[in-house]
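What's counted below: heavy atoms across the whole structure, side chains too, no hydrogens, waters or symmetry copies. Note that the structure is a prediction, hence the values are computed from the model and not measured.
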Amino acid sequence: GTGSTWVYPSPQMFYNALVRKGKAEDVTEADMEAVVSVHNSMNERAWQTVAQWEKLHAQECGNPRLMRFLGRPHDLSPKARMHVLTGGDAPFDRHDWYIDRCGKEVRYIIDFYFDESKAGSPDAFTMDSRPALDSVESCLDRLKMGIYTTAYKYGLPCPITGDASTFAGEPK
């Protein structure tokens, strides 16, 4: 992409990247249209979750932007490591996304999971997106979000909007 526009890879570009990374053993070029569609959908969902976190800072920056990202499929985040140690599955991929919050760089960790028992359904893919614990502010954001989501879950007024039917500005 150029400027502030991100361009998703074509099916051929995606397949070539898999081959280059040695990850194309169980896919064919014919699979790529569907694979790229799922990939792009997951990235859009990831951005929506990051944007939800960024609403905690809407007063200071109303237009956060993705600066860059780093795929780290072989690196478990501390949270994913704990998940595995307690008997959970490891994520199949991890991304670190770097957000420009109006001049301030903020890192997010996104762990992507696949549930084999739900293969073929939209629920097969899940993700866990959160600010990296790189600063006191990110730690506080995680604490605040925990409070806000709990209030929403129980129908209590959102501390951001004051309305029980919204969560950080999003309708139920």
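A side-chain N or O of Ser77 and one of Arg130 form a donor-acceptor pair less than 3.5 Å apart. In this structure, a donor-acceptor pair under 3.5 Å is present between the side chains of Asp31 and Thr28. Judged purely by distance below 3.5 Å, without hydrogens or angles, the side chains of Glu54 and His57 never pair a donor atom with an acceptor atom. Side-chain atoms of Asp115 and Ser117 include a donor-acceptor pair closer than 3.5 Å.
Taken from CG in Asp111 to CZ in Arg72, the straight-line distance is 10.0 Å, to the nearest 0.5 Å. Put simply, CG on Leu133 and CZ on Arg107 are 8.5 Å apart, with the number rounded to the nearest 0.5 Å. Atom CD of Gln48 is separated from atom CD of Gln52 by 9.5 Å, given to the nearest 0.5 angstrom. Annotation: the span from Ile109 atom CD1 to Asp134 atom CG amounts to 7.0 Å, rounded to 0.5 Å. With values rounded to the nearest 0.5 angstrom, Asn63 atom CG is found 6.5 Å from Cys102 atom SG. Rounding to the nearest 0.5 angstrom, the gap separating the CE atom in Met67 from the CD1 atom in Ile99 is 9.0 Å.
A search for ring pair (Phe, Tyr, Trp, His ring centres under 6.0 Å) contacts involving Phe114 returns Phe125, not counting sequence neighbours.
Within 6.0 Å of CD in Gln59 there are 12 or fewer heavy atoms belonging to other residues, nucleotides or ligands.
Taking the side chain as every heavy atom from C-beta outward, Met145 and Trp53 approach each other to under 4.5 Å. In this structure, Asp96 and Ile110 have side chains that are not in contact, with every pair of non-hydrogen atoms separated by 4.5 Å or more. In this structure, the side chains of Pro131 and Arg142 come closer than 4.5 Å at one or more pairs of heavy atoms. No side-chain heavy atom of Glu105 sits less than 4.5 Å from a side-chain heavy atom of Asp100. Put simply, the side chain of Tyr98 does not reach to within 4.5 Å of the side chain of Tyr108, judged on heavy atoms. Residues Gln12 and Asn16 are in side-chain contact: their nearest non-hydrogen atoms beyond the backbone lie under 4.5 Å apart.
Criterion: ILVMFWY side-chain heavy atoms under 4.5 Å apart, direct or through other members. Under it, Phe69 and Met127 are part of a common hydrophobic cluster. Following chains of ILVMFWY side-chain contacts shorter than 4.5 Å, one can reach Met32 starting from Val19, so the two form part of one hydrophobic cluster. Transitive grouping of hydrophobic side chains (ILVMFWY, heavy atoms separated by less than 4.5 Å) brings Leu66 and Met42 into a common cluster. Hydrophobic clustering (side-chain heavy atoms under 4.5 Å, transitive across Ile, Leu, Val, Met, Phe, Trp, Tyr) groups Ile147 together with Leu56.
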Give the table of side-chain donor-acceptor pairs shorter than 3.5 Å for residues 78-91, with sequence neighbours excluded, one pair per line with atom names and distance.
from, atom 1, to, atom 2, distance (Å)
Lys79, NZ, Asp128, OD2, 3.0
Thr86, OG1, Met82, O, 3.0
Thr86, OG1, His83, O, 3.0

Using residues 33-41 as the side-chain source, report each donor-acceptor pair under 3.5 Å to any protein atom, sequence neighbours left out, with the distance given to one decimal.
from, atom 1, to, atom 2, distance (Å)
His39, NE2, Asn43, ND2, 3.4
Asn40, ND2, Val36, O, 3.4

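What you find for Gly71 and Pro73 is that their closest heavy atoms are C-CD, 3.4 Å. Among all heavy-atom pairs drawn from Trp97 and Ala46, the shortest one is CH2-CB, 3.5 Å.
Relative orientation of the His95 and Phe112 rings is perpendicular, given thresholds of 30° and 60° on the angle between their planes.
The pair Lys144-Glu137 fails the salt-bridge criterion, with no side-chain N (NZ, NE, NH1 or NH2) lying under 4.0 Å from an Asp/Glu carboxylate O.
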